[in-house]
Amino acid sequence: MRSFEDTYRHKGLRKKLVDSIRNKEITDENVLQAILNIPRHFFLDTALDHIAYEDRAFPISEGQTISQPYTVAYQTQLLEIKPYEKVLEIGTGSAYQATILAELGANVYTIERQKKLFELNKTFYFRKKYPNIKFFYGDGFEGLPTYAPFDKIVITAAAPYIPPKLIEQLKTGGYLVLPLDEGGLQRMLRLTKNADGSIMEESFQNFSFVPMLKGKQ
Ligand code: SAH
């Protein structure tokens, strides 16, 4: 069950969460504001309502997780979203990250490989507020060639390698932000596609994500 009531208590807890994230090197005020605006508890079972604003990942269905708010903020900050940019997200999960991107004004295309999670998002009432999110059922390793190229691409599961098709589907000057698996932990990378097709790589800190898996389920 889900609760879609955003009380003063929820808002207060969210403010505290944002303050704690701000203390951990998230400096982009637009990102912090988006986290403040989006009720994270809407994306979780009511049983988790009282802890929805702890800075932790939580289980959703199908053994998957809603990412930790700090991680969502970190990836979003690296993306440097500008309004109307076309952004591809791999790993819809709860759609929390997709909603944060939409709140920042992006046109979001998000792919989920698990049918059940994809179906759950179809009936998520909060979707109506964000017509700028388009949901797809598919394998993120393939990207979305029909809608390419994208200004930005973000992978929200641990990638075993850099998916070549996602590089192809990136605009020149575009970013691909991904946690690359390095045996257990994942290193956050930001890749920039140069005009000559070469890739510039920036490396950041380690995170822990569920694995990016091949095929649909
Ligand atoms: N962005 C999500 C985090 C979800 S966890 C959120 O905000 O809640 C990662 C998600 O990636 C899981 O739902 C998992 O099923 C999905 N996933 C893993 N491999 C994938 C792939 N190849 N293509 C699409 N989705 C994938």
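Atoms within a ligand are numbered from 1 in the order they appear, just like the ligands themselves. Values reported hereafter were calculated over all heavy atoms of this structure, with side chains retained and with hydrogens, waters and symmetry mates removed.
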Could you pull out the closest heavy-atom pair between Ile38 and Arg14, with the gap in Å? O-CD, 3.4 Å
Would a line drawn from the ring center of Phe43 to the ring center of Phe126 be shorter than 6.0 Å? yes
Return each pair, listed once, that meets salt bridge (charged side-chain N to carboxylate O under 4.0 Å, His left out) where at least one residue sits in residues 125-144; pairs must be two or more places apart or across chains. Glu142-Lys165
Any chance NZ of Lys16 has more than 12 other-residue heavy atoms, nucleotides or ligands included, within less than 6.0 Å? no
Tell me whether the rings of His10 and His41 are parallel (<30°), tilted (30 to 60°) or perpendicular (>60°). parallel
Would the Tyr161 and Phe141 ring centres measure less than 6.0 Å apart? yes
Ligand-protein N/O pairs under 3.5 Å (ligand 1):
| residue | atom | partner | partner atom | Å |
| --- | --- | --- | --- | --- |
| ligand 1 | 1 (N) | Glu89 | OE2 | 2.8 |
| ligand 1 | 1 (N) | Gly91 | O | 2.9 |
| ligand 1 | 1 (N) | Thr156 | OG1 | 3.1 |
| ligand 1 | 7 (O) | Gln97 | N | 3.0 |
| ligand 1 | 8 (O) | Ser94 | N | 3.1 |
| ligand 1 | 8 (O) | Ser94 | OG | 2.6 |
| ligand 1 | 13 (O) | Glu112 | OE1 | 2.7 |
| ligand 1 | 13 (O) | Glu112 | OE2 | 3.4 |
| ligand 1 | 15 (O) | Glu112 | OE2 | 2.6 |
| ligand 1 | 19 (N) | Leu213 | N | 3.0 |
| ligand 1 | 22 (N) | Asp139 | OD1 | 3.0 |
| ligand 1 | 22 (N) | Leu213 | O | 2.6 |
| ligand 1 | 23 (N) | Gly140 | N | 2.7 |
| ligand 1 | 25 (N) | Arg113 | N | 3.3 |

